[in-house]
Amino acid sequence: MLRELVNRLSDPIISFPLATFAFYLMLRYYKIFGTKKFAYWTVGILIPVTTWFLADPNFFSIIKTPDNIPIIILLISVGFFTWFALHKAAINDTRIEEGLGPIEATPENREKVWSWPNLVYVELFAIIACTAFLIVWAIIFKAPLEEPANPTWAPNPAKAPWYFLGLQEMLVYFDPWMAGVVLPGLIVGGLIAIPYIDTNPKGNGYFTFKERAMAITAFLYGWLVLWVYLIIVGVFLRGPNWTFYGPFEFWDFHKVVASFNVNLSEIIWIKMLGIGLPKNLVMREIFGIILSLAYIIIIPPWFAKATKVGRDLLKNVGSIRYYIFMFLILMTMSLPIKMILRWLFSLKYIVALPEWELNL
Amino acid sequence: MSDKGIAKQVRETQVWKSIFRHGPPDNSRNRAAVIAGNVFLHLHPIKLKKSGVQLGYTWCMGGLTFFIFLALTVTGLLLMFYYRPTAEYAFNDIVALREHVPLGIMREIHRWGAHAMVITVWIHMFRVFMTGSYKPPREFNWGVGVILLVLTLLLSFTGYLLPWDQLAIWAITVGSGMAKATPFAGNAGPGAMLARIGDFVMVSDKNDVRFQLLGGRFVGEPALLRFYILHCVFIPLVVGVLIAVHFWRVRKDGGISAPL
Ligand code: HEM
């Protein structure tokens with residue numbers, strides 16, 4: 001019963017909105033999220049829940065593959081450090097509100113200390129702890145080795161290494177040229193661009209949320225919801241043929257998922273207008289092309305005119321930064337938008353030009 | 001003779017003095033000397049702000065990333081003694097490593113270390129972001145960091161192929177398959193069909209980016225050799241140089257960030 005419910009809830013159609021909502025709550029109430037009490041409660045609840053998950057043979061068979069251990073370590077570290085950063089931010093923000101300034105700026109913390117022993121001992125401790133951790137890990141878990149390479153027999157599912165599974169999961173919604181080339185390129189370019197776009201001088205050298213709310217929200221949304229969450233989906237919830245399987249579901253190779261995805265051009269020309277698809281390619285896809293261009297070209301200036309947030313942003317950072325920032329945000333949001341369109345309208349491609357290998 | 005006596009006597013030998021040219025670091029002069037006089041320790045400043053030494057501030061994640069990189073270099077070198085990157089030997093060499101090396105955990109440390117490095121570099125970036133340490137004057141070093149992040153992923157990815165088992169070739173097949181969809185430069189990418197003269201196709205599966213990456217149209221022996229060289233020589237060298245740049249800039253940009 002309960003397992004059935006968890007299986008249902010973890011379907012991306014439900015778990016993605018849930019993850020987004022949880023993300024919103026986390027930042028909206030970061031001062032509560034960042035308390036020690038909240039952390040203790042979370043750990044207290046997570047331990048029995050995890051045990052319950054592990055007791056399930058189907059879930060256990062996924063988790064026990066040695067190459068999936070790093071993901072558990074990743075999830076624990078991401079969870080802990082997200083909490084820890086917001087914990088420190090909450091303390092500093094309260095101090096700043098009281099006029100005390102961030103804890104990193106107290107006279108005591110500004111004082112200079114000797115690297116020996118203060119810094120080198122911290123490093124020595126970190127190195128020893130890390131070495132011990134790696135050795136224990138290496139003794140408990142043997143490095144995996146499967147059958148010798150066989151180019152004629154593909155395992156199903158064939159998964160990329162876990163750190164690329166977010167990209168592989170994007171393939172559900174985008175063609176490889178977007179999911180594998182354009183979007184990763186934009187992630188790298190966008191990351192490098194961050195310091196040149198974010199002109200807010202505050203929050204340099206100390207933890208804070210309030211003074212950099214927009215930058216932190218945008219970054220954390222991409223990192224936690226669009227990257228880490230998609231990795232979780234790719235690792236735990238995708239089975240043979242990249243079909244969705246709940247965490248407690250057996251990977252049944254015969255599970256058939258009916259999918260009748262349609263293109264925007266088909267929806268408009270056939271369903272709505274009842275004319276049938278025009279022969280001319282550009283004519284056929286004209287609605288999708290216009291929509292996509294409008295999305296990138298019209299929204300930024302409109303946003304700067306129509307909303308206060310946009311107006312202030314444009315004024316503060318100047319137009320070049322503003323348009324680059326908006327472009328990156330729109331490209332980021334194209335993923336959740338495409339997901340939602342898929343779930344609501346079974347939409348396959350907004351622009352479908354397989355003749356030119358150009359599908360959006 | 002007490003322990004302290006022995007330590008003192010050792011310190012007074014010619015051998016010791018030839019190696020460490022200063023007394024014990026219990027006064028200011030020697031504490032400066034121990035950092036400045038040691039090629040490894042001199043990566044550090046002699047003194048730094050208290051906020052920057054705290055584990056709660058840096059989480060030591062950049063430091064650990066570097067340490068794991070070093071550990072991977074050492075274990076990787078040891079593995080290279082046993083491993084030949086050919087379709088005939090690669091898999092069997094790994095099997096031999098498993099079965100004939102008593103108490104061998106080098107492969108384990110190398111593999112788990114590689115995963116751990118991906119995690120620590122992500123967390124390091126997250127820390128740098130959350131403390132706003134990419135803001136001026138550290139914009140450039142953030143960029144160097146992003147390249148290091150990409151190279152770390154590529155190191156891990158190229159290494160994934162080397163055991164030459166099913167896990168390896170199919171993970172790399174999936175990953176490298178994306179390259180053929182590169183706009184203009186991949187044979188199945190948008191725009192590739194524009195690049196043709198009459199019947200002559202300029203971008204085909206015999207010369208596109210995926211072919212250059214794999215040295216073939218599928219993950220075969222040429223791909224193994226390419227990934228081996230990228231993994232063991234080329235990418236580590238570039239990473240090494242960039243880490244040097246990264247550390248130099250951490251110092252030149254004013255050390256670990258602190259409130260202005
Ligand atoms: C191989 C990968 C990397 C290594 C070995 C490395 C190492 C380090 C080390 C040892 C520090 C000193 C402070 C600390 O430990 O936090 C540091 C600082 C820094 N790193 Fe990295 N790093 C790497 C990747 C990155 C990445 C991916 C980024 C960002 C995208 C980045 C950006 C920075 C910046 C801006 C600083 C200065 C921080 C400050 O002043 O507070 N690094 N790095």
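Letters A, B, ... are given to chains in the order of the sequence lines, protein chains preceding strands, and every chain is numbered from 1.
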Spacing of CG belonging to Asn187(B) relative to CG belonging to Asp205(B), to within rounding of 0.5 Å: 5.0 Å
Is the shortest side-chain heavy-atom distance between Trp162(A) and His115(B) below 4.5 Å? yes
Interface check, chain A: of Val174(B), Leu48(B), Ile119(B), most non-hydrogen pairs under 4.5 Å belong to Leu48(B)
What residue, out of Pro190(B), Ala181(B), Ser257(B), has the most heavy-atom pairs lying under 4.5 Å from chain A? Pro190(B)
When the 4.5 angstrom heavy-atom criterion is applied to Leu353(A) and chain B, the contacting part is neither
Contact origin within Val120(A) toward chain B - heavy atom pairs under 4.5 Å: side chain
Within residues 169-177 of chain A, which positions have a heavy-atom distance to chain B below 4.5 Å? Leu171(A), Pro176(A), Trp177(A)
Side chain, backbone, both or neither: which part of Trp227(A) has a heavy atom under 4.5 Å from chain B? side chain
Given Ala258(B), Gly132(B), Pro259(B), Gly63(B), the one with more heavy-atom pairs under 4.5 angstrom with chain A than any other is Pro259(B)
Contact origin within Glu211(A) toward chain B - heavy atom pairs under 4.5 Å: neither
Quick one: which of Ile169(B), Leu41(B), Asn92(B), Thr173(B) has the most heavy-atom pairs under 4.5 Å with chain A, could you say? Ile169(B)
Sorted by chain and number, sequence neighbours left out, ring-ring contact (aromatic ring centres under 6.0 Å, His included) with Phe67(B) holds for none
Heavy atom to heavy atom, less than 4.5 Å: which residues from residues 128-137 of chain A reach chain B? Cys130(A), Thr131(A), Leu134(A), Ile135(A), Trp137(A)
Taking only residues at least two apart or on different chains, which pairs with a member in residues 129-159 of chain B satisfy ring pair (Phe, Tyr, Trp, His ring centres under 6.0 Å)? Phe164(A)-Phe157(B), Phe219(A)-Phe129(B), Phe129(B)-Tyr134(B), Tyr134(B)-Trp142(B)
Take Arg212(A) and Thr208(A) through the test side-chain hydrogen bond (donor to acceptor under 3.5 Å, both in side chains) and record every step on the way to the result. CA-CA 7 Å; Arg212(A) 304 169 51 212; Thr208(A) 169; over 6 Å; no
Pair count under 4.5 Å, heavy atoms only, with chain A: among Trp59(B), Tyr160(B), Trp164(B), highest is Trp59(B)
